[in-house]
J.: 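Just dropping this structure here.
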Amino acid sequence: MSNTRITIRPPADFDLARDVCSYGYFLLAPNHWDPDTRSLFRVLTLDAEPGTPAPASCRVTQNGSGLSARFDRSLTRAEQSQAREQIRRMLSLDTTEAEARDFHKVDQRWKKSGRARLFRSPTLFEDIVKTVTSCNVAWPSTITMNARLCEVLGGRSPSGGHAFPTPAKLARTRPASLRARCRVGYRDQRLVELAKLFRSGHIDEAWLSDPGTSDDDAFKFLLTLPGIGPYAAGNIMQLLGRFSRLALDTESVRHGKAVLGYTGTDRQILKHLEAHYEPFGDHKFRSYWFELWDFYEQKKGPAHTWDRETTGKTFTAALLKD
DNA sequence: GGTAGACCTGGACGC
DNA sequence: GCGTCCAGGTCTACC
């Protein structure tokens with residue numbers, strides 16, 4: 001049987017290079033962006049039969065107005081549907097042209113570049129684990145943790161690529177083993193507990209994404225999860241497509257000082273930042289993030305030229321100071 | 001409600 | 001090359 005290729009029609013304003021290289025997770029395993037061919041490679045975990053994860057490597061490219069995803073094996077019809085859904089989530093294809101226009105009406109700075117979509121993971125589980133691995137740690141360690149999680153616990157596709165671990169696999173892993181083999185440190189127990197909460201259905205993406213669920217309720221729920229504090233919850237909110245809150249950390253403080261010219265204590269700077277982004281209302285995270293991203297691109301060149309192994313490892317507050 | 005200190009890793013720094 | 005210090009967000013204990 002021949003390898004599967006599927007095509008996806010994105011919104012007319014979609015730009016693969018711009019919209020993949022829009023958030024740091026595109027630099028984390030198992031994602032791999034190739035700047036030369038402008039292609040996104042990664043292994044997706046599909047479910048040929050319920051409870052039987054079946055990894056498949058894919059390469060996503062854009063040809064004119066269409067997206068193409070080529071796999072390293074033949075996919076069943078059900079798997080094709082799952083792959084399509086996961087790719088749509090990663091590329092935020094549900095952000096329509098009209099929604100992008102609404103954002104650009106509120107913040108015209110990004111109208112010219114067209115930035116409105118933020119890259120994310122094929123599953124909420126991966127997004128939450130990636131968020132926990134980005135807390136209280138320098139970026140190079142986040143890169144290591146995600147690479148190790150995939151190498152140690154991720155299934156393998158026919159061509160040998162590693163997938164991101166499934167909730168079931170992570171839930172079965174002993175915390176001590178996770179710490180020793182994946183270098184996640186004290187996050188070990190919290191990650192295993194999160195995986196168990198996904199398995200049990202306690203973390204319900206449908207409820208968290210439902211427009212009928214208020215931002216306040218979603219945020220409050222996220223704060224109850226192990227390893228999730230105000231920063232992580234704010235970040236997961238944006239990964240759910242809820243942009244009405246900020247996710248402020250030390251990098252935000254650096255941005256406030258270096259780019260916006262704020263002075264005072266960290267607490268005062270955080271207050272200035274909240275006030276600065278307030279006019280952007282339901283879009284404030286996007287306004288904040290693209291401002292930050294713009295600064296990175298001024299320092300390091302267009303994000304679609306960044307390589308995971310070189311430029312991608314240099315994002316630490318210390319290195320960005322000058 | 002606010003705050004201090006512990007948690008773990010890896011990079012920076014001094015010797 | 002080795003030891004020490006520090007950054008980073010969350011959690012717990014305490015006031």
Side-chain angles (χ1 to χ4, degrees), chain A residues 23-25 27-29 121 124-153 165 170 173-198 202-203 216 218-240 245-259 264-271 273-274 277 285 288-289 292 295-296 299-300 308-322:
Chain A
Y23 192 67
Y25 291 1
L27 295 164
L28 297 179
S121 302
L124 177 63
F125 173 67
E126 185 177 328
D127 270 340
I128 290 183
V129 171
K130 278 183 159 53
T131 298
V132 171
T133 65
S134 73
C135 287
N136 197 29
V137 76
W139 183 246
S141 293
T142 303
I143 293 179
T144 301
M145 283 185 236
N146 280 275
R148 299 292 296 161
L149 282 168
C150 295
E151 285 165 21
V152 174
L153 300 172
L170 195 52
T173 306
R174 285 186 303 115
S177 167
L178 197 59
R179 177 183 298 221
R181 301 181 72 196
C182 303
R183 302 183 201 157
V184 299
Y186 65 85
R187 300 163 195 79
D188 55 359
Q189 183 75 44
R190 296 171 193 178
L191 289 170
V192 172
E193 283 174 23
L194 281 168
K196 287 179 178 170
L197 291 172
F198 262 93
H202 179 77
I203 300 176
D216 277 352
F219 187 75
K220 277 182 200 159
F221 172 78
L222 292 171
L223 284 176
T224 67
L225 300 177
I228 308 297
Y231 162 76
N235 194 54
I236 295 165
M237 289 289 279
Q238 68 90 2
L239 293 162
L240 285 162
R245 285 169 189 270
L246 298 171
L248 298 179
D249 58 3
T250 52
E251 184 59 2
S252 319
V253 174
R254 182 204 58 74
H255 181 73
K257 287 180 186 168
V259 178
T265 63
D266 285 5
R267 179 175 289 211
Q268 288 169 327
I269 289 169
L270 289 171
K271 283 203 163 189
L273 288 166
E274 291 282 3
Y277 295 107
F285 183 88
Y288 158 70
W289 185 256
L292 206 64
F295 173 78
Y296 295 158
K299 289 265 179 189
K300 307 284 180 184
R308 188 169 83 185
E309 301 307 316
T310 54
T311 318
K313 288 190 175 174
T314 64
F315 291 87
T316 64
L319 288 170
L320 289 166
K321 264 181 192 161
D322 299 327

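All values below come from the heavy atoms of this structure, side chains included, with hydrogens, waters and symmetry mates left out. Each chain gets a letter, A, B and so on, in the order its sequence line appears, and its residues count up from 1.
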J.: Do A:Thr173 and A:Asp188 come within less than 4.5 Å of each other through their side chains, counting heavy atoms only?
T.: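 No; the side chains remain at least 4.5 Å from each other.
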
J.: Could you tell me how far apart A:Leu248 (CG) and C:dG8 (C1') are, to the nearest whole angstrom?
T.: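 My rounded result for the distance is 15 Å.
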
J.: Are any of A:Thr250's side-chain N or O atoms less than 4.0 Å away from OP1 or OP2 of C:dG8?
T.: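 Yes.
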
J.: Salt bridge check: are A:Glu193 and A:Arg190 linked by an N-O gap of less than 4.0 Å?
T.: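 Result for this pair is no, no salt bridge flagged.
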
J.: Grab the CE-P distance between A:Met145 and B:dG10 for me, whole Å please.
T.: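 Nearest whole value for this atom pair: 8 Å.
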
J.: Angle class for the A:Trp289/A:Tyr23 ring planes (parallel below 30°, perpendicular above 60°, tilted otherwise)?
T.: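 If you compare the ring of A:Trp289 with that of A:Tyr23, the planes turn out tilted.
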
J.: So, A:Thr142 versus A:Tyr25: side-chain donor-acceptor pair below 3.5 Å or not?
T.: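 Short answer, no.
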
J.: When we call it a touch if two heavy atoms are under 4.0 Å apart, what does A:Arg267 touch: a base, just sugar-phosphate, or nothing?
T.: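 Counting heavy atoms under 4.0 Å across all strands, the contact made by A:Arg267 is with sugar-phosphate only.
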
J.: Tell me the interatomic distance from A:Leu191, atom CG, to B:dT9, atom P, rounded to whole angstroms.
T.: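 Rounded to the whole Å, the gap is 13 Å.
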
J.: Considering only NZ, NE, NH1 and NH2 on the basic side and carboxylate oxygens on the acidic side, decide whether A:Arg245 and A:Asp216 come within less than 4.0 Å.
T.: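 A:Asp216 and A:Arg245: salt-bridged.
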
J.: What is the separation between atom CG on A:Leu246 and atom P on C:dG9, rounded to the nearest whole Å?
T.: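 Nearest whole value for this atom pair: 14 Å.
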
J.: Can you check whether A:His202 and A:Phe221 have ring centres sitting under 6.0 Å from each other?
T.: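 Centroid separation for A:His202 and A:Phe221: below 6.0 Å.
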
J.: What string of B, S and - do you get for nucleotides 10-15 of chain C, 5' to 3', if B is base contact, S is sugar-phosphate-only contact and - is no contact with any protein heavy atom under 4.0 Å?
T.: SS----

J.: Taking all atoms of both residues into account, what is the closest heavy-atom pair of A:Val132 and A:Leu194, and its distance?
T.: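 Where A:Val132 meets A:Leu194 most closely, the heavy atoms are CG2-CD1, 3.7 Å.
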
J.: Starting at atom CZ of A:Arg187, determine the distance to atom P of B:dA6, rounded to an integer number of angstrom.
T.: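 The distance from CZ of A:Arg187 to P of B:dA6 comes to 18 Å, rounded to the nearest Å.
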
J.: Using C1' atoms of five pairs at each end, report the bend of the helix from B:dG1-C:dC15 to B:dC15-C:dG1 rounded to 10 degrees.
T.: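 Here the helix ends are tilted 40° relative to one another.
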
J.: How close or far is atom P of B:dC8 from atom CG of A:Asp188, stated in whole angstroms?
T.: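 Going from A:Asp188 (CG) to B:dC8 (P), I get 8 Å.
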
J.: Check A:Arg254 with A:Glu251, please: is the shortest side-chain N to carboxylate O separation under 4.0 Å?
T.: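 Salt bridge flag = yes for A:Arg254 with A:Glu251.
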
J.: A:Trp139 CH2 to B:dC8 C1': how many Å, rounded?
T.: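 Taking atom C1' of B:dC8 as the reference, CH2 of A:Trp139 is at 18 Å.
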
J.: I want to check something: taking the side chain as every heavy atom from C-beta on, are A:Glu274 and A:Leu248 in contact at a cut-off of under 4.5 Å?
T.: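 Touching, per the 4.5 Å side-chain cut-off.
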
